[in-house]
Amino acid sequence: IRCDEGGGHPYAMGDTTKAYHAEKLGLFQRQVVFLRDAGAGWPRPFVVVLDVARVLKAGLYRAAVWHLPAEPAVEGTRISSASGESAVHLFALEPSPAALEVVGGVGREFLVDGVNYPPESTTDQEAGEWRVEVSPENPGERDRFLTVIFPAAAAEPAPSEPAVVDSTGAAGVVVGDRVVVILDAAGGADSLTYSLPCPAGNSTHRVFGMSPSTLYRVDLDGERRTETSTTGQGTAVFDLDCGEGGEAEVTLTFLEILPEEEAVDEGEVSPDGETAADQPDAPADGAEDAGEEENGGGEGGCGCALAA
């Protein structure tokens, strides 16, 4: 649906609704943000994942399932698993409250509804060993699953739980001086308001899923602070100074649609240091015209794959 590879924060949104039974599931969309610039909150890049599912059958079990190579430890919202010198820490922040069930171990590697279904043969010793299922304690017709993933060294302490951004129509987290907000539906928005524990001093806010190539006014607690323009894929990036920090409300309000020549995409920096204007017009390796159309088409399209 959407893919934005610039600005140090690769982002993609995919829809796999058609992979499920139409009479059971009306929607499944996943959005992934890979934040290369983690700022002061964590010493290396981290990932934010937002899943949205609309279930059509009452009582149908739904869960976000995370597969892990080693037995995980669960403490509150944190899921930790170490393998050799490496580790990963996941925070299941939505739904809340949620049930976190660890499944795995000898005779339970492929457990489904109380029955283990091992494959006839496997050459991968880690296949199916462990997983954690995150399910809502109070499921609704439409459920959100917000997860933050931190890679780590096995010997270092686990990260602190990220603070959650509160908004109608969006989900997000605060990690140190980095704020990530993701709209929970496709289609963009003329305005957005979210509340958060704003970090002291300057913080960088990244908002994904707004209307493309659009200029917005940014207010902090009702006072106009700055303006920001979105990329051709609807991503806005701006800095705010929250002084001593504390609870705050941020509002983005539509000002105007930008002319094509003013779109942010032309100045975005790719991972290899080139701007969009410097790069050739040829599609990425393996990308066909139809594939570009699926990912948004035109100048904002990009050929990236998203696994759900």
Side-chain angles (χ1 to χ4, degrees), residues 4-11 31-50 75-82 85-94 96 146-167 170-183 192-210 216 218-221 223 225-231 235-252 264 267-271 273:
D4 199 340
E5 296 180 305
H9 49 247
Y11 159 80
Q31 299 181 71
V32 181
V33 177
F34 175 54
L35 196 62
R36 290 194 178 102
D37 177 17
W42 185 244
R44 55 183 60 84
F46 61 90
V47 177
V48 182
V49 181
L50 177 62
E75 183 177 343
T77 65
R78 191 182 78 229
I79 304 164
S80 299
S81 179
E85 296 181 357
S86 300
V88 64
H89 304 282
L90 299 86
F91 287 88
L93 302 176
E94 288 191 26
S96 180
L146 177 64
T147 310
V148 186
I149 305 171
F150 294 96
E156 68 186 358
S160 301
E161 179 176 335
V164 175
V165 171
D166 184 24
S167 176
V173 297
V174 181
V175 178
D177 57 359
R178 296 296 186 259
V179 179
V180 176
V181 180
I182 307 172
L183 270 70
L192 174 69
T193 297
Y194 57 90
S195 301
L196 75 162
C198 199
N202 192 67
S203 56
T204 299
H205 297 235
R206 289 174 168 88
V207 182
F208 299 87
M210 300 298 288
Y216 290 89
V218 180
D219 294 352
L220 178 63
D221 290 332
E223 294 185 3
R225 288 298 183 92
T226 187
E227 294 179 357
T228 185
S229 52
T230 58
T231 68
T235 302
V237 182
F238 53 91
D239 290 342
L240 287 176
D241 188 342
C242 288
E244 295 181 358
E247 290 298 321
E249 183 178 87
V250 178
T251 300
L252 278 69
V264 173
E268 287 185 344
V269 179
S270 67

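Since we're looking at a predicted model, the values are computed, not measured.
Residues satisfying the salt bridge (Lys or Arg N to Asp or Glu O under 4.0 Å) test with Asp37, not counting sequence neighbours, are Arg178. For Ser195, there are no side chain to side chain donor-acceptor pair (under 3.5 Å) partners, not counting sequence neighbours. Residues meeting the side chain to side chain donor-acceptor pair (under 3.5 Å) test with Thr77, sequence neighbours left out: Glu161. Residues meeting the salt bridge (Lys or Arg N to Asp or Glu O under 4.0 Å) test with Asp177, sequence neighbours left out: none. Residues meeting the side chain to side chain donor-acceptor pair (under 3.5 Å) test with Thr147, sequence neighbours left out: none. Every residue meeting the side chain to side chain donor-acceptor pair (under 3.5 Å) condition with Arg78, not counting sequence neighbours, appears here in chain and number order: Glu75, Ser80. Applying the ring-ring contact (aromatic ring centres under 6.0 Å, His included) criterion to Phe150, with sequence neighbours excluded, gives Trp42, Phe46, Phe91. Remark: Glu156 pairs with Arg44 by the salt bridge (Lys or Arg N to Asp or Glu O under 4.0 Å) rule, at least two apart or across chains.
Of the inter-residue distances, the one linking His9 atom NE2 with Phe208 atom CZ reads 4.5 Å to the nearest 0.5 angstrom.
Proximity of a side-chain donor or acceptor of Thr228 to a complementary backbone N or O of Val237 within less than 3.5 Å is detected. In this structure, the side chain of Glu94 does not engage the main chain of Val164 through any donor-acceptor pair within 3.5 Å.
Listed by first and then second residue, the salt bridge (Lys or Arg N to Asp or Glu O under 4.0 Å) pairs involving residues 194-210 amount to none (not counting sequence neighbours). Every pair tested for salt bridge (Lys or Arg N to Asp or Glu O under 4.0 Å) that includes a residue from residues 239-249 fails, sequence neighbours excluded, so the list is empty.
Across Gly176 and Val174, no two heavy atoms sit closer than the pair O-CG1, 3.7 Å. For the residue pair Leu192 and Ala170, the shortest heavy atom distance occurs at CD1-CB, 4.0 Å. In this structure, Ala248 and Leu220 approach most closely via the heavy-atom pair CB-CD1, 3.8 Å.
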